> 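Here's a structure for you.
All of these numbers come straight from a predicted model, not from anything done at the bench. FYI, side chains are in, hydrogens and waters are out, and symmetry mates aren't considered; it's all heavy atoms of this structure.
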Amino acid sequence: ARADTFTEEDDRVLTELARQAGLAFHNSQLDSALHTTQDALRKQADELRESRARVVASGDAERRRVERNLHDGAQQHLVALAINLRLTRDIVAEDPEGAGEMLGQLAEDVQTTIKELRELAHGIYPPLLADNGLGDALRAAAAEVEEEHGVPVEVVTVGDHDLDEPHRALVAAAREALTNAVRHSGSDEPIALYVEVAGGRTEVFVRDRGRGFDPGQVPADRRGVRESIVGRMARHGGRAAVHSTPGQGTEVELVLDD
């Protein structure tokens, strides 16, 4: 009560000081938010560059795989077939029985080459894509894995989708995940393939009941397949994730939004 009161000039100066201080604090908050936003944008840009690099590397690895398989597999068999056909032609008059045996072997070699080319083609353009839907294509992929490896695949589909280019990639990625599960799970139990199409999203889950592994320490024999699946999905705006626990199996999750 005994304090001196502010004059009108004091009030005016204090009010102006408060306004200037408030503006300074506000600018400081804006500056801090700007820096935070810039840091977030830099992080997103770095992640985008890394993602693009992974996609490019995955595409290069896939091309090298196709080239290697063509050169070391089908091409070598075709060259051998051509040589053996010429040998058979040369001996057919002198040794008909031997020529017949060679022709029988050639027939088996042709079947082997056809099988290799079919397996190679599955990674590029899965079957039943032209006229059938996603469900039929995935069921066909599962049936082929069963036939080739003798491990049953239990397929459950909810909904369906036309096979545009992204969903073709999804089928190829699912087949790769199935084959990988057969080769590395260490289990003869059925592999589960679950498909759900709803709300503009397609989700595919490939689950095995095998040995599993620590995702933080991906085995060397799984890195290439994992990168191939992730890259294949990323090229079409999709996502892929691998979930696994030692001793409890592995799940590959594939997600594609329309």
> Using the side chain to side chain donor-acceptor pair (under 3.5 Å) criterion, which residues pair with Asp162? Sequence neighbours excluded.
none

> Other members of the hydrophobic cluster containing Phe205, with the 4.5 Å side-chain heavy-atom rule, please.
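Besides Phe205, the cluster holds Val156, Val158, Tyr194.
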
> Do you know the tightest heavy-atom contact between Gly186 and Arg211?
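What the structure gives for the nearest pair is CA-NH2, 3.5 Å.
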
> With salt bridge (Lys or Arg N to Asp or Glu O under 4.0 Å) as the rule and sequence neighbours excluded, what pairs involving residues 178-193 come up?
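Every pair satisfying salt bridge (Lys or Arg N to Asp or Glu O under 4.0 Å) with a residue in residues 178-193: Glu189-Arg209.
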
> Of the non-hydrogen atoms in Gly150 and Pro152, which two are nearest, and what is the gap between them?
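For Gly150 and Pro152, the tightest heavy-atom pair comes out as O-CD, 3.9 Å.
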
> Does Glu94, at its CD atom, have more than 12 non-hydrogen atoms belonging to other residues, nucleotides or ligands within less than 6.0 Å?
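No, CD of Glu94 has 12 or fewer neighbouring heavy atoms, counting only those of other groups under 6.0 Å.
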
> Under 3.5 Å, sequence neighbours excluded: what are the donor-acceptor pairs made by side chains of residues 251-258?
unit_1: Glu251; atom_1: OE2; unit_2: Arg207; atom_2: NE; d: 2.3
unit_1: Glu251; atom_1: OE2; unit_2: Arg207; atom_2: NH2; d: 3.3
unit_1: Glu253; atom_1: OE1; unit_2: His243; atom_2: NE2; d: 3.0
unit_1: Asp257; atom_1: OD1; unit_2: Arg201; atom_2: NE; d: 2.7
unit_1: Asp257; atom_1: OD1; unit_2: Arg201; atom_2: NH2; d: 3.4
unit_1: Asp257; atom_1: OD2; unit_2: Arg201; atom_2: NH2; d: 3.4
unit_1: Asp258; atom_1: OD1; unit_2: His161; atom_2: NE2; d: 3.3
unit_1: Asp258; atom_1: OD2; unit_2: His161; atom_2: NE2; d: 3.4

> Residues sharing Val92's hydrophobic cluster, by side-chain heavy-atom contacts under 4.5 Å among ILVMFWY, directly or via others?
none

> Between Arg139 and Asp136, does any side-chain N to carboxylate O distance fall below 4.0 Å?
yes

> The test is side-chain contact (heavy atoms from CB on, under 4.5 Å); show your working for Asn84 and Gln105 and say whether it passes.
CA-CA 9 Å; Asn84 289 331; Gln105 182 61 48; over 6 Å; no

> Where is the tightest heavy-atom contact between Arg232 and Glu176, given as atom of each residue plus distance?
NH2-OE1, 3.3 Å

> To the nearest 0.5 angstrom, please state how far the CG atom of Asn180 sits from the OG1 atom of Thr250.
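OG1 of Thr250 is found 8.5 Å from CG of Asn180.
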
> Can you list everything that forms a side chain to side chain contact (heavy atoms under 4.5 Å, CB included) with Val182? Sequence neighbours excluded, please.
Val145, His149, Val151, Ile191

> Nearest 0.5 Å please: distance from the CZ atom of Arg42 over to the OG1 atom of Thr37.
10.5 Å

> With sequence neighbours excluded, what pairs up with Leu81 under the side chain to side chain contact (heavy atoms under 4.5 Å, CB included) test?
Leu78, Leu106, Asp109, Val110, Thr113

> Ignoring hydrogens and geometry, is there a side-chain-to-backbone donor-acceptor pair from Ser244 to Phe213 under 3.5 Å?
yes

> For residues 14-35, dump all side-chain donor-acceptor pairs below 3.5 Å to protein atoms at least two apart in sequence or in another chain.
unit_1: Thr15; atom_1: OG1; unit_2: Asp11; atom_2: O; d: 2.7
unit_1: Glu16; atom_1: OE1; unit_2: Arg19; atom_2: NE; d: 3.4
unit_1: Glu16; atom_1: OE2; unit_2: Arg19; atom_2: NH2; d: 2.7
unit_1: Glu16; atom_1: OE2; unit_2: Gln20; atom_2: NE2; d: 2.9
unit_1: Asn27; atom_1: ND2; unit_2: Leu23; atom_2: O; d: 3.4
unit_1: Asp31; atom_1: OD2; unit_2: His35; atom_2: NE2; d: 3.4

> Residues two or more places apart in sequence or in another chain: which of them pass side chain to side chain donor-acceptor pair (under 3.5 Å) with Glu47?
none

> Give the intermediate values and the outcome of side-chain contact (heavy atoms from CB on, under 4.5 Å) for residues Leu138 and Val171.
CA-CA 6 Å; Leu138 286 169; Val171 174; 4.2 Å; yes

> With rounding to the nearest 0.5 angstrom, report the OG1 to CG distance, Thr157 to Leu134.
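Nearest 0.5 Å value for the OG1-CG distance: 8.5 Å.
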
> Of all residues at least two apart in sequence or in a different chain, which pass the side chain to side chain contact (heavy atoms under 4.5 Å, CB included) check with Thr7?
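Once residues adjacent in sequence are excluded, the partners of Thr7 under the side chain to side chain contact (heavy atoms under 4.5 Å, CB included) criterion are Glu9, Asp10.
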
> May I ask you to list the residues sharing a hydrophobic cluster with Met102, side-chain cutoff 4.5 Å, ordered by chain and number?
Val79, Ile83, Leu87, Ile91

> Just jot down the side chain to side chain contact (heavy atoms under 4.5 Å, CB included) partners of Ala142, sequence neighbours excluded, or say none.
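Val153, Val155, Leu178, Leu193.
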
> Closest heavy-atom contact between Ile229 and Ala240?
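In this case the closest contact between Ile229 and Ala240 is CG2-CB, 4.0 Å.
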
> State, to 0.1 Å, how close Gly133 and Asp160 come at their nearest heavy-atom pair, and which atoms those are.
C-OD1, 3.9 Å

